[in-house]
Amino acid sequence: MSQLLNYKLEGEGHTIVLIHGLFGNLDNLGLLARNLKQDHQVLSIDLRNHGLSFHSELHNYQAQAEDVCRLIQHLNLEQFTLIGHSMGGKVAMKAAEQLQSTIEKLIVLDMAPVHYTENRHDNVFAGLQAVETAKPTTRKQALDILAQHIEIEGVRQFLSKSLYKNDEHLAWRFNVNNLFNNYQNIMSWEPITPINTPTMFIKGAESDYLRAEHQALIKAQFNQAKAHIIANTGHWLHAEKPEEVIRIIRKFIG
């Protein structure tokens, strides 16, 4: 029996599935969920190796997409919108390939369907591993350790949301070891068969995850792709400019 992802289902109406990014959990898109659940059914999920979902040494987009599809089938959802941020954007794109008969729309937050070559998270993994080694007993101790490796306070605060009390010390909800070992899978991408699902790519203007040179690769995989750029915002656009992101989402899903 395959394991089901941990999830939260709220509200009523057309279903919107929210998929978080690397090192996140189902609360990461909470600002979007709180607004959208007023008049939609919102399914927030923890991906494998994250949050309260199961841990697995296998962590690639095929497996993650199958996890999402399995949960959607388990909940008997039909005609839904998938929204994914960062790594979750890639999971959403891969899942959309498998769900073409039931998915209505796809929204990708600051991620391209491409293979990224640069290692963007070396300092993050160093900080996470240092916390695991030190076994801090307070959140402040953990943040001080992270600060030795991670310059940006917002990133440290984001990561610290996944700390929990394990016996006498703090530990990570996500599986650092499995994610580290699969980092090349997380950065990689196998192009999907072109799909006709209406798709919106929302880019943070100051982020370099979605670039002009990705346009041809996007058009080759998504026959109905549109793009929207949000000014003065980076990769965490849904946290930095939630009202604007929500406005674009609502306009797109109608």
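In this text, all values refer to a predicted model and were calculated from it rather than measured experimentally. Only this structure's heavy atoms are used, side chains among them; waters, hydrogens and symmetry mates stay out. In what follows, residues are counted from 1 in the order of the sequence shown.
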- Stepwise side chain to side chain contact (heavy atoms under 4.5 Å, CB included) test for Ile45 and Leu26: CA-CA 5 Å; Ile45 65 176; Leu26 56 70; 5.6 Å; no
- Task: Would you name the heavy atoms of Leu237 and Val245 that are closest together and state the gap between them?
- Result: O-CG2, 3.7 Å
- Query: Is a side-chain donor or acceptor of Lys135 paired with a backbone partner of His169 at a separation under 3.5 angstrom?
  - Reply: no
- Note on the structure: Nearest heavy-atom contact between Gly24 and Ser162 is O-OG, 4.4 Å
- So, does Tyr61 use its side chain to make a donor-acceptor pair with the main chain of Ile186 at under 3.5 Å? yes
- Check whether any side-chain heavy atom of Lys90 sits under 4.5 Å from a side-chain heavy atom of Gln64, and report yes or no. no
- Message: Quick check: His85 with His238 (ring centres under 6.0 Å apart)?
- Response: yes
- Query: Are Met87 and Trp236 connected in a single hydrophobic cluster, I mean Ile/Leu/Val/Met/Phe/Trp/Tyr linked by side-chain heavy atoms less than 4.5 Å apart?
  - Reply: yes
- Under 3.5 Å: donor-acceptor pair, side chain of His59, backbone of Asn178: no
- For Ile229, does the CD1 atom have more than 12 heavy-atom neighbours from other residues, nucleotides or ligands under 6.0 Å away? no
- Message: For Arg173 versus Leu52, what's the shortest heavy-atom pair and its separation?
- Response: NH1-CD2, 3.5 Å
- For atom NZ of Lys251, is the number of surrounding heavy atoms from other residues, nucleotides or ligands below 6.0 Å larger than 12? no
- Message: Looking at Asp144, is its backbone amide N or carbonyl O close enough to the side chain of Lys140 to form a donor-acceptor pair, meaning the two atoms are under 3.5 Å apart?
- Response: no
- Query: For Asn60 and Asn185, does a side-chain donor sit closer than 3.5 Å to a side-chain acceptor?
  - Reply: no
- Worked check of side chain to side chain contact (heavy atoms under 4.5 Å, CB included) between Gln224 and Met200: CA-CA 8 Å; Gln224 292 195 60; Met200 171 68 76; over 6 Å; no
- Query: Do the charged groups of Lys94 and Glu97 touch, with an N to O distance under 4.0 Å?
  - Reply: yes
- Message: Can you confirm whether Glu10 is buried at CD, in the sense that more than 12 heavy atoms of other residues, nucleotides or ligands lie under 6.0 Å from that atom?
- Response: yes
- With distance as the sole test, does Lys226 use its side chain to make a donor-acceptor pair with the main-chain N or O of Ile202 at under 3.5 Å? no
- Under 6.0 Å from the CD atom of Glu57, do we count more than 12 heavy atoms belonging to anything else shown? no
- Task: Return the minimal non-hydrogen interatomic distance between Asn232 and Ala205, and the atom names on each side.
- Result: N-CB, 4.1 Å
- Message: Between Lys241 (side chain only) and Ala231 (backbone N and O only), is there a donor and an acceptor less than 3.5 Å apart?
- Response: yes
- Is there a donor-acceptor pair closer than 3.5 Å between any side-chain N or O of His149 and the backbone N or O of Leu146? no
- Message: Parallel, tilted or perpendicular, judged at 30° and 60°: which one describes the rings of Phe125 and Tyr183?
- Response: perpendicular
- Item | Lys105 to Phe252, cation-pi by 6.0 Å centre distance and 45° axis angle | yes
- Item | Side-chain donor or acceptor of Asn49 paired with backbone N/O of Leu179 under 3.5 Å | no
- Evaluate the side chain to side chain contact (heavy atoms under 4.5 Å, CB included) criterion for residues Met93 and Met111: first the C-alpha distance (whole Å), next the side-chain angles of each, then the deciding distance (0.1 Å), finally the verdict. CA-CA 10 Å; Met93 289 187 275; Met111 179 54 56; 4.2 Å; yes
- Message: Tell me the closest heavy-atom pair linking Pro113 and Gln221, and the distance in Å.
- Response: O-NE2, 3.2 Å
- Would you call Asp39 and Arg250 a salt bridge, taking side-chain N to carboxylate O under 4.0 Å as the test? yes
- Task: State whether the side chain of Lys161 and the backbone N or O of Asp27 hold a donor-acceptor pair below 3.5 Å, judged by distance alone.
- Result: no
- Query: Regarding Arg48 and Ser53, is there a side-chain donor-to-acceptor distance under 3.5 Å anywhere?
  - Reply: no
- Task: Consider only side-chain heavy atoms of I, L, V, M, F, W and Y, link residues closer than 4.5 Å, and tell whether Leu77 and Ile16 are in one cluster.
- Result: no
- If you group Ile, Leu, Val, Met, Phe, Trp and Tyr by side-chain heavy-atom gaps below 4.5 Å, do Phe222 and Ile249 land in one group? no
- Ignoring hydrogens and angles, state whether a donor on the side chain of Asn28 or His20 is under 3.5 Å from an acceptor on the partner side chain. no
- Look at atom OH of Tyr7 and say whether more than 12 heavy atoms of other residues, nucleotides or ligands are closer to it than 6.0 Å. no
- Query: Crowded around Gln215 CD? As in, over 12 foreign heavy atoms under 6.0 Å?
  - Reply: no
- Would a 4.5 Å heavy-atom cut-off, applied to side chains only, mark Leu170 and Val131 as touching? no
- Pro198 vs Leu106 side-chain heavy atoms within contact, under 4.5 Å: no
- Message: If you count heavy atoms of other groups shown closer than 6.0 angstrom to CD of Glu213, is the number above 12?
- Response: yes
- Query: For the residue pair Thr197 and Glu104, what are the closest heavy atoms and their distance?
  - Reply: CG2-O, 3.8 Å
- Task: Would you kindly say whether Thr102 and Glu78 are connected by a side-chain donor-acceptor distance under 3.5 Å?
- Result: no
- Give the intermediate values and the outcome of side chain to side chain contact (heavy atoms under 4.5 Å, CB included) for residues Phe54 and Leu5. CA-CA 7 Å; Phe54 60 89; Leu5 297 173; 3.8 Å; yes
- Can you tell me if Thr133 and Gln129 form a side-chain donor-acceptor pair at under 3.5 Å? no
- Query: Are the side chain of Gln141 and the backbone N or O of Thr137 linked by a donor-acceptor pair below 3.5 Å?
  - Reply: yes
- Under 3.5 Å side-chain donor-acceptor pair for Thr15 and His40: no
- Query: Are Val91 and Val17 in one and the same hydrophobic cluster, where Ile, Leu, Val, Met, Phe, Trp and Tyr link if side-chain heavy atoms are under 4.5 Å apart?
  - Reply: yes
- Message: Before you tell me yes or no, could you show the steps for Asp110 and His235 under side chain to side chain donor-acceptor pair (under 3.5 Å), namely the whole-Å CA-CA distance, both residues' side-chain angles and the distance that decides it to 0.1 Å?
- Response: CA-CA 6 Å; Asp110 210 63; His235 187 54; 2.6 Å; yes
- Taking a hydrophobic cluster as the set of Ile, Leu, Val, Met, Phe, Trp and Tyr residues connected by side-chain heavy atoms closer than 4.5 Å, whether directly or through intermediates, do Phe80 and Val108 fall within one such cluster? yes
- Message: When you measure from the centre of the six-membered ring of Tyr209, is the NZ or CZ of Arg120 closer than 6.0 Å and no more than 45° off the axis?
- Response: yes
